[in-house]
> 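Please find one structure pasted underneath; my questions will follow.
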Number of protein chains: 2
Amino acid sequence: MKPAHHHVTGSASDPFVVTEACRPVNQILSRIGDKWSVLVVSYLGNGTMRFSELRRAIDGISQKMLTTTLRGLERDGYVTRTVTPTIPPRVDYALTDLGCELLVPLRALGEWAVANRERVEAAQRRFDAENATLAAAQRA
Amino acid sequence: MKPAHHHVTGSASDPFVVTEACRPVNQILSRIGDKWSVLVVSYLGNGTMRFSELRRAIDGISQKMLTTTLRGLERDGYVTRTVTPTIPPRVDYALTDLGCELLVPLRALGEWAVANRERVEAAQRRFDAENATLAAAQRA
DNA sequence: CGGGATCCCGACGGATACTG
DNA sequence: CAGTATCCGTCGGGATCCCG
């Protein structure tokens with residue numbers, strides 16, 4: 001656990017945290033960071049929903065991606081899938097305890113995103129504008 | 001922000017929380033949720049680093065993806081890029097204030113991931129095993 | 001040293017059609 | 001209703017070569 005040679009300018013944290021922690025973080029993010037998982041988990045945070053309820057709620061998701069996303073979330077233990085074999089069939093999705101717990105840090109990130117979206121967008125505009133003027137200067 | 005209220009079925013959930021919040025969340029996640037951004041931001045959380053330092057530290061990243069990732073993070077205002085035109089040239093990357101603030105909810109998610117990785121892996125094993133026996137039963 | 005330019009492949013993800 | 005199956009375009013991302 002020897003820290004590598006790192007220049008520590010600001011608040012220093014142990015590099016151990018980074019190296020050791022980022023494997024599972026990437027695992028979580030590769031599931032949650034895809035196009036739809038956060039939306040699905042967020043909606044299910046309000047309670048159990050049926051397949052078509054989710055489909056209508058999310059608006060833009062294809063049934064294929066909804067199925068794929070739900071399967072992935074089910075595999076990782078975030079949601080449960082309950083089939084009621086009536087006619088027509090009925091399938092309910094709900095968060096597990098694990099899913100509810102995930103919702104906590106996820107909502108923190110979400111609130112940060114909402115709070116800071118304008119700063120990000122401003123940075124993007126600044127970057128793009130600067131890039132445009134640089135490109136123009138190149139052609140001159 | 002309303003607390004998460006559970007409703008039974010059918011009724012529309014509060015559109016504000018999900019609909020309004022998830023656009024910026026997806027924007028943040030589409031940047032942060034890619035394969036390398038979290039690693040880069042985490043490493044820069046320990047202080048300024050040079051390009052080749054990051055390249056060597058991250059182990060597995062190609063120079064193309066490191067460049068792409070850093071450009072994206074710079075565009076969104078999370079990192080600064082400082083060029084020192086010496087020979088050989090020197091380029092330093094560091095987190096902005098925005099980047100440091102992002103690190104907070106990000107680390108929360110990271111700690112959650114570390115704390116719960118075994119539960120996720122266990123769920124995956126359970127799911128895969130159950131799937132395998134089902135597939136076997138199908139063939140019988 | 002720190003990239004930019006190019007080629008290429010596989011995975012992600014959308015549209016459509018069909019099934020239990 | 002809740003999927004599965006198929007086709008197909010897009011693009012993330014790796015490998016390689018080159019440049020200032």
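Note on naming: letters A, B, ... go to the chains in the order of the sequence lines (proteins, then strands), and numbering restarts at 1 for each one. When reading the values below, keep in mind they use all heavy atoms of this one structure, side chains included, and skip hydrogens, waters and symmetry mates. Computed from a prediction, not measured in an experiment: that's the story for all the values here.
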> Within less than 4.0 Å of OP1 or OP2 of C:dC1, is there a side-chain N or O belonging to B:R55?
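No, B:R55 has no side-chain N/O under 4.0 Å of OP1/OP2 on C:dC1.
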> Please state how far atom CZ in A:R31 lies from atom P in C:dG13, giving the value in whole angstrom units.
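From A:R31 CZ to C:dG13 P: 9 Å.
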> Ignoring backbone atoms, establish whether A:Y93 has a side-chain N or O less than 4.0 Å from OP1 or OP2 of D:dC1.
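Indeed not, no polar side-chain atom of A:Y93 lies that close.
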> Establish, with yes or no, whether the OP1 or OP2 oxygen of D:dG3 is under 4.0 angstrom from a side-chain nitrogen or oxygen of A:T67.
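No.
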> Quick test of your reading of the model: are B:R50 and B:D92 salt-bridged, counting only N-O distances below 4.0 Å?
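So B:R50 does not pair with B:D92 through a salt bridge.
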> Backbone N or O of B:R119 within a donor-acceptor pair of the B:N116 side chain at under 3.5 Å?
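Between the backbone of B:R119 and the side chain of B:N116 there is no qualifying donor-acceptor contact (under 3.5 Å).
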> Is any NZ, NE, NH1 or NH2 atom of the basic residue among B:E121 and B:R117 found under 4.0 Å from an Asp or Glu carboxylate oxygen of the other?
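The answer is yes: the pair qualifies as a salt bridge.
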> Whole-Å distance between D:dA2 C1' and A:E53 CD?
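It is 13 Å, rounded to the nearest whole Å.
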> What's the spacing between B:L109 CG and A:L29 CG if we round to 0.5 Å?
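So the gap between those two atoms works out to 5.5 Å.
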> 5'-most contact on DNA chain D: A:V83 or B:W36, nearest heavy atom basis?
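The residue whose closest nucleotide sits nearer the 5' end is A:V83.
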> Can you check the B:L54 CG to C:dC1 C1' distance for me, whole Å?
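To the nearest whole Å, that distance equals 14 Å.
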> For residues 56-75 of chain A, pull every pair meeting side chain to side chain donor-acceptor pair (under 3.5 Å), keeping only residues two or more places apart or in separate chains.
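Qualifying pairs: A:R75-B:D128.
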> Is B:R71 close enough to C:dG4 that one of its side-chain N or O atoms is under 4.0 Å from OP1 or OP2 there?
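Yes, because at least one side-chain N or O of B:R71 sits under 4.0 Å from OP1 or OP2 of C:dG4.
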> Between B:K35 (NZ) and C:dA11 (P), how many Å, whole number?
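Rounding to the nearest Å, NZ of B:K35 and P of C:dA11 are 12 Å apart.
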> Please give, in whole Å, the distance from C:dC1 C1' to B:F51 CZ?
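It is 9 Å, rounded to the nearest whole Å.
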> C:dC1 P sits how many Å from B:M49 CE, rounded?
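It works out to 15 Å between those atoms.
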> So, taking the atom named CD1 in A:I28 and the one named CG in A:L102, what distance separates them when rounded to the nearest 0.5 Å?
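CG of A:L102 is found 7.5 Å from CD1 of A:I28.
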> Sub-3.5 Å donor-acceptor pair from the side chain of A:T84 to the main-chain atoms of A:T86, do we have one?
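Checked: no pair found.
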> In this structure, how many angstroms lie between the P atom of C:dG3 and the CE atom of B:M65, rounded?
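Interatomic distance, CE of B:M65 to P of C:dG3: 14 Å.
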> To the nearest Å, how far apart are B:I87 CD1 and C:dG2 P?
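Rounding to the nearest Å, CD1 of B:I87 and P of C:dG2 are 14 Å apart.
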> Would you say C:dG2 has OP1 or OP2 under 4.0 Å from some side-chain N or O of B:R50?
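Indeed, a polar side-chain atom of B:R50 lies that close.
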> Less than 4.0 angstrom between a side-chain N/O of A:R90 and OP1 or OP2 of D:dA2, yes or no?
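The answer is no; no side-chain N or O of A:R90 sits under 4.0 Å from OP1 or OP2.
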> Could I get a table of every N or O pair under 3.5 Å where one atom is in the protein and the other is in nucleotides 16-20 of chain C?
residue : atom : partner : partner atom : Å
C:dT16  : O4   : A:Q63   : NE2          : 2.7
C:dA17  : N6   : A:Q63   : NE2          : 3.4

